[in-house]
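Just so we're clear, the structure is a prediction, and the values are computed from it rather than from any experiment. We count ligands from 1, going down the list as the structure has it; atoms in each ligand are counted the same way.
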Amino acid sequence: MNRTATDILIVGAGPAGLAAATELAPHFRVLVLERERHPGGIPRHCGHYPFGIREFHRLMKGPDYARALVERALKAGVEIRTGIDVIALHPGPEISATSDEGVVRITAKRVLLATGVRESSRAQRLLGGTKPGGVLPTGALQGMVYIEGRRPFHRPVILGTELVSLSAIMTCASAGIRPLAMIEPGDQPTARWPTSLYPRLKGVDLRLSTRLVAIEGREQVEAVIIDGPKGRERIETDGVIISGKFRPEATLLANSHLIRDPGTKGPRIDNLGRCSDPAFYAAGNMLRPVETSGWCWSEGRTIGRAILADLQGEQRGPAQPVSIEGEALSWVMPQMIGGKGALDRLQLRVNRPVRGRLVLRIGDKEVVSRRIDSRPERRILLPMPALPHGPAKVVLEEK
Ligand SMILES: Cc1cc2nc3c(=O)[nH]c(=O)nc-3n(C[C@H](O)[C@H](O)[C@H](O)COP(=O)(O)OP(=O)(O)OC[C@H]3O[C@@H](n4cnc5c(N)ncnc54)[C@H](O)[C@@H]3O)c2cc1C
């Protein structure tokens, strides 16, 4: 087995990993490992706008944006190796990876995990009916349309109304596919206004308070059965795009020594982005499902700067856990806070539509609060001022 060493090792060449790498490269040797043949992460497969406003101050399509991130990283001195799959994490920090050349072990001063998200499969979504072709998650659809130039169906229905389902509509538009309907179990779209207007602008029938009961078809999808305000209906269609219900790509955590958060399913981190072993950091969508590329890029850059401060000897106080109270709260991230951190806001999600007040308490003291009117899969932020020491808890007081 080959052994090698670097200063900073980054797993995943998406917006988060590349942003962190670019921050660190002027100061340290930075090696980014990417399992795909090309770096750039998910934006490489999104041949539509809008990417790049925050990072390059202009509107770009996903592949151009991915290329620009890679060029910026290379210019800063980052080494990117593709076609190499990280398969295990070890204390040290050290990682094992495989490629066509075999297995390699790499040691580093710090490791940053930036492996993104994965989509839930049809089985994980418990969708009933037969199992014909033409049922695709958005990522697979994007691969077929943008990379292979294929059109898997003509008039599909889309399941879900969050951010990535809008990406599915854009993908369809670029291939001349005209979705018939979007199906949403809630009584409002998940994406916030004004992005939630996008389906109707594109002529897609938005079916709220509606459930997908079954998918019918033998070789290819022929129809879906839905249940909504008008009762049960059969819609003839030739495809189903499944969106939403993402989970961090955290396979690497499963057999590692790092603590995994049961809520986000990503690593447990503190407000510097440090994992339970402080030689490991994490950034981007592997921390929680699912944010935009601009958000992940910014998070990668922030955590890159925290790694820099750490290696330059900045002293950090101990972190304390943050718990959540309220059955509608799914998770909080970061899960540990202490002193002034790189991440200055707590991120949260709810598991059903909720109205009320979120309160951050340290012991009995209310430190900060805000009103919320939110839905599952929507971003919720709570400012995190410099906190006194003591048990921290976010409480949801529903109306
Ligand atoms: C289908 C889909 C469509 C989306 N469309 C949009 C959109 O239109 N606009 C938008 O803003 N956001 C979109 N998003 C959100 C998207 O996740 C973010 O835009 C952004 O890509 C997140 O950046 P990241 O660096 O955290 O992860 P990613 O971009 O996912 O990059 C992670 C990288 O890590 C690599 N990797 C994973 N595991 C390993 C391993 N073990 N070893 C080596 N490499 C590994 C992956 O191959 C990948 O390249 C979409 C998400 C999905 C799932």
Out of [options], who is nearest to [atom] when you count heavy atoms only?
atom: atom 32 (C) of ligand 1; options: Pro15, Gly12, Ala114, Ala19; answer: Ala114
atom: atom 14 (N) of ligand 1; options: Leu287, Val164, Val117, Asp85; answer: Val164
atom: atom 28 (P) of ligand 1; options: Leu252, Ile42, Leu33; answer: Ile42
atom: atom 45 (C) of ligand 1; options: Arg81, Glu291, Arg35, Met286; answer: Arg35

Point to revise | Name of the residue among Pro137, Ser174, Cys46 meeting side chain to side chain contact (heavy atoms under 4.5 Å, CB included) with Gln142 | key: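 Option passing the side chain to side chain contact (heavy atoms under 4.5 Å, CB included) with Gln142: Cys46.
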Check your understanding: Name the one of Ile95, Asp277, Ile106 that satisfies side chain to side chain contact (heavy atoms under 4.5 Å, CB included) with Val111?
Key ->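 Single side chain to side chain contact (heavy atoms under 4.5 Å, CB included) partner of Val111 among Ile95, Asp277, Ile106: Ile95.
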Identify, by atom number and element, the atoms of ligand 1 in contact range of [X], meaning under 4.0 Å from any of its heavy atoms.
X: Pro43; result: 21 (O), 29 (O)
X: Gly284; result: 26 (O)
X: Gly41; result: 29 (O), 31 (O), 49 (O)
X: Thr292; result: 11 (O), 12 (N), 18 (C), 19 (O)
X: Phe246; result: 53 (C)
X: Val11; result: 40 (C), 42 (N), 43 (C)

**Study point:** Rounded distance (nearest 0.5 Å) linking atom CZ of Arg44 with atom CD of Glu34
**Key:** 7.5 Å
Residue, atom name and distance, where the atom is the protein heavy atom closest to [atom]:
atom: atom 25 (O) of ligand 1; result: Ala16 N, 2.9 Å
atom: atom 42 (N) of ligand 1; result: Val86 N, 3.0 Å
atom: atom 16 (C) of ligand 1; result: Asn285 ND2, 3.6 Å
atom: atom 9 (N) of ligand 1; result: Phe51 CZ, 3.3 Å
atom: atom 1 (C) of ligand 1; result: Gly139 N, 3.3 Å
atom: atom 5 (N) of ligand 1; result: Ser167 OG, 3.0 Å
atom: atom 47 (O) of ligand 1; result: Glu34 OE2, 2.6 Å
atom: atom 11 (O) of ligand 1; result: Ser293 N, 3.0 Å

Exercise for review: Classify the ring geometry between Tyr146 and His48 as parallel (under 30°), tilted (30 to 60°) or perpendicular (over 60°).
Suggested key: tilted
Check your understanding: If only atom types and distance count, is the side chain of Asp7 paired as donor or acceptor with the main-chain N or O of Arg29 below 3.5 Å?
Key -> yes
Practice item. Could you tell me whether the side chain of Thr161 and the main chain of Glu184 form a donor-acceptor pair under 3.5 Å? Key: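 No; zero donor-acceptor contacts below 3.5 Å.
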Check if [X] has a non-hydrogen atom at a distance under 4.0 Å from any atom of ligand 1.
X: Trp297; answer: no
X: His48; answer: yes
X: Ile84; answer: yes

Check your understanding: Near Glu148 CD, under 6.0 Å, is it more than 12 heavy atoms from other residues, nucleotides or ligands?
Key ->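 Yes, CD of Glu148 has more than 12 neighbouring heavy atoms, counting only those of other groups under 6.0 Å.
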Review point. Can you name the side-chain contact (heavy atoms from CB on, under 4.5 Å) partners of Arg35, sequence neighbours left out?
Key: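 Asp85, Glu249.
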**Study point:** Cationic N near anionic O, under 4.0 Å, Asp373 to Arg371
**Key:**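 Salt bridge absent between Asp373 and Arg371.
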Check your understanding: Taking 4.0 angstrom as the limit, do Glu327 and Arg352 come out as a salt bridge?
Key -> yes
Review point. Closest approach of Ala250 and Met286, non-hydrogen atoms and distance?
Key: CA-CE, 4.1 Å
Exercise for review: Could you give me the CA-CA distance, side-chain angles and deciding distance for Glu55 and Met60, then say whether side-chain contact (heavy atoms from CB on, under 4.5 Å) is met?
Suggested key: CA-CA 10 Å; Glu55 305 83 329; Met60 302 166 95; over 6 Å; no
**Study point:** Trace of the side chain to side chain donor-acceptor pair (under 3.5 Å) decision for Thr82 with His38
**Key:** CA-CA 6 Å; Thr82 56; His38 301 280; over 6 Å; no
